[in-house]
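First the structure, in the form of structure tokens, and then the observations on it.
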Amino acid sequence: MPHLPQPPFHSLTPTAHQSPNTQKKKLSTKLFPLVFCMGNADYVYPSTSDEAEAAAAECNNNDNNNSSHSHKVAIPPPQPFVKSLKYNLKETFFPDDPLRQFKNQSPPRKLLLGLQYFFPILEWGPRYSLDFFKADLISGVTIASLAIPQGISYAKLANLPPILGLYSSFVPALVYAMMGSSRDLAVGTVAVASLLTASMLGSQVSAAENPQLYLHLAFTATFFAGLFQAALGLFRLGFIVDFLSHATIVGFMAGAATVVILQQLKGILGLDHFTHATDLVSVMRSVFSQTHQWRWESALLGFCFLFFLLVTRQFSKKRPKFFWVSALAPLTSVILGSLLVYFTHAEKHGVQVIGQLKKGLNPLSFGDLVFVSPYLEGIAVGRSFAMFKNYHIDGNKEMIAIGTMNVVGSLTSCYLTTGPFSRSAVNFNAGCKTAVSNIVMALAVMLTLLFLTPLFHYTPLVVLSSIIISAMLGLIDVEAALHLWSIDKFDFLVCISAYAGVVFASVEIGLVLAVGISVLRVLLFVARPKTFILGNVSNSGIYRNVEQYPNAATVPGVLVLEIDAPIYFANSSYLRERIGRWIDDEEERLKISGEASLQYVILDMGAVGNIDTSGISMLEEVKKVTDRRGLKLALANPGAEVTKKLNKAKFIDNLGPEWIFLTVGEAVGACNYMLHSYKPAVNDDPHKDESAV
């Protein structure tokens, strides 16, 4: 064991030319003796707690040049239950304190602030300038060129009429522009939500056999998804989204993207019949069981357009100033594909086309509702871009905005919409200043609906499949997965599990598995907290984990343990057993090495933010175990909440106030002082059991 550095109570420790035994003989005390069984030897200890505290105070005075006081752990004053409950509710549901802006304001001002909270356009609208409009106009036109082909493509992916993809890029965008707090989020349909819609609704009704009922169910699902989202935001439950870890999202998104790509093999190969299942095995079986129906013309056209889209994306990635090249590539593909089919009559040679699209704006659909949780990509995307521009995104406010957007959308022939990353990235790179870019995009889509929909008649479905595949390849983040592997193997396992659940089972199972793994990870952190042995960092009074600091010196006769989490019913049994194992291991190590026996166990409570009754019972059991084994338990650095509860439970009185210390250094110094101050009791009977008192 490394040599113990000078403890805080250095004036009472052996000097370089004195042995510990010599020093013990020179130290004297006027305290009345009481013999405690301490490990393998009997030591003379102070007879009362007051005397023990006086001894600690005396050595502390010597250590601090005869200062007049010793540090004690303060017990916070009791708080009324209602006040504590109010504080806890505020920290749970209002951590950002959104009501602070209403303090000391007149009623008209409060009304205005309330309207601005739900409709941020009232806040930034009066400050809007011509320069902002120029930037937003460019951004809006750019994302519209991406939204139109993507909207049509994703509607087909959801087994819905293609025109719904355009409807869903019109009304929801106007709603979000008024209620959203993100400047960069470009709303519209997304591939994963479209896939979820097709998968969940397809299990209840066939889109081919009963398209009208399928359409009504899509509107109904969108309505309740939006209602659920808005309710979560209104009741300040946005923190539920945080239960999806980054590793889980990476795996789920990659798995969903893989499934979407596999589904596009139907369009690329020009197949008329395809499996409704989404798992890898079913899709591969469906593809290779129809090799005689593969259409080479469709496949050639699809791979050519896919190559064009990937090249333009790579070009824009290497030269960010030319972001518009990849943004315009999907619309360019649609135009070129439509012209190619029109002039070559490719639809007569196996190349499937969209067909007739109905002109006109969104028809009302509230009468189509026939009374699956929404996909929350929009909040994460908005926060990501907000960090780049240094402004705050309120997750609860965003849930209200996106939820309302979907509720209104469901009444105007739209299906599930949110903020896709690819479109928002284009909006960000285009230099948007406000949510007006969404209004510009909506107006561009409106003009398309009114005048340009007949032009999409000859758009080949294989081009839409190429657009979807190109977009989905960007969601398979291999670098992020490798980053997880290099940092945290368990996180990587979580990521791969979520990916495998989606690809080899189904999107629903993958989603449930992803959420389940995330919750399990949280439970493991709570139920199996870390505990460490602490040692003294040389030439300091600092105590740190000996595994992290191998040169940190452990203290002879003293075991210092750190508990690195709050103590609750979920982990109290584990901590009791783990502390017992630490004691067993330390005593066994000392016995083998022949060093001084273990006398004290110090628990560093600095990281224990809270404790419940099960945790207090655990500490009481640990004290009983240490007492039976002839060891003394001490606590160091307990927080206010922990100290308050320990005091109410009478644990402090049971342990002894003198055994609760402000810092680990003071606790070690007091224990070290005891070890060097009190002599082993003389055993008159040499045959007497050493463990007896």
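Judged purely by distance below 3.5 Å, without hydrogens or angles, the side chains of Ser168 and Tyr154 never pair a donor atom with an acceptor atom. Judged purely by distance below 3.5 Å, without hydrogens or angles, the side chains of Asn406 and Thr417 pair a donor atom with an acceptor atom. Inspection of the Thr404 and Tyr176 side chains reveals no N or O donor paired with an N or O acceptor under 3.5 Å. A donor-acceptor pair shorter than 3.5 Å cannot be found between the side chains of Ser413 and Asn362. In summary, the side chains of His216 and Gln212 do present a donor paired with an acceptor at a separation below 3.5 Å, with no hydrogens or angles considered.
With a 6.0 Å radius and a threshold of 12 heavy atoms from other residues, nucleotides or ligands, Phe303 has its CZ atom at or below the threshold. Within a 6.0 Å sphere centred on NE2 of His457, other residues, nucleotides and ligands contribute more than 12 heavy atoms.
Legend: residues meeting ring pair (Phe, Tyr, Trp, His ring centres under 6.0 Å) with Phe274, ordered by chain and number and at least two apart, are absent. Annotation: salt bridge (Lys or Arg N to Asp or Glu O under 4.0 Å) contacts of Asp491 (sequence neighbours excluded): Arg521. Taking the side chain to side chain contact (heavy atoms under 4.5 Å, CB included) definition, one finds that Leu301 meets it with Phe305, Leu340, Val351, Pro460, Val462, sequence neighbours left out.
Between Phe322 and Phe315, the ring-plane angle classifies as tilted under the 30° and 60° cut-offs. Aromatic ring pairs are classed by plane angle as parallel below 30°, tilted from 30° to 60° and perpendicular above 60°; the pair Tyr128 and Trp124 is tilted.
In this structure, Ser169 contributes its side chain and Gly165 its backbone to a donor-acceptor pair below 3.5 Å. Looking only at distances, a side-chain donor or acceptor of Ser316 sits under 3.5 Å from a matching main-chain atom of Thr312.
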inquiry  = side-chain hydrogen bond (donor to acceptor under 3.5 Å, both in side chains) for Glu398 and Ser181? Distances and angles first, verdict last.
reply    = CA-CA 7 Å; Glu398 285 295 281; Ser181 55; 2.7 Å; yes
query = Step by step, would you call Asp272 with Arg295 a salt bridge (charged side-chain N to carboxylate O under 4.0 Å, His left out)?
reply = CA-CA 11 Å; Asp272 294 321; Arg295 296 190 173 108; 3.4 Å; yes
query = Under the side-chain hydrogen bond (donor to acceptor under 3.5 Å, both in side chains) criterion, do Ser199 and Thr278 qualify, and how do the steps go?
reply = CA-CA 8 Å; Ser199 178; Thr278 59; 4.9 Å; no
key: Ser139/Asp136 under side-chain hydrogen bond (donor to acceptor under 3.5 Å, both in side chains): CA gap, chis, key distance, verdict   = CA-CA 5 Å; Ser139 300; Asp136 289 337; 5.1 Å; no
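Proximity of Ile261 to Leu473: side-chain heavy atoms (C-beta onward) are separated by under 4.5 Å at one or more points. Ile152 is listed as a side-chain neighbour of Leu166, based on a closest heavy-atom distance under 4.5 Å. The closest side-chain heavy-atom distance from Leu331 to Leu146 is not below 4.5 Å. The closest side-chain heavy-atom distance from Ile354 to Leu464 is below 4.5 Å. For the pair Leu513 and Phe252, the minimum side-chain heavy-atom distance is 4.5 Å or more.
Taking the ring centre of Tyr117 as origin, the terminal cationic atom of Lys397 falls inside the region bounded by 6.0 Å and 45° from the ring axis.
Of the options Ser326, Cys304, Ser466, a side-chain contact (heavy atoms from CB on, under 4.5 Å) to Leu309 is made by Ser466 and by none of the others.
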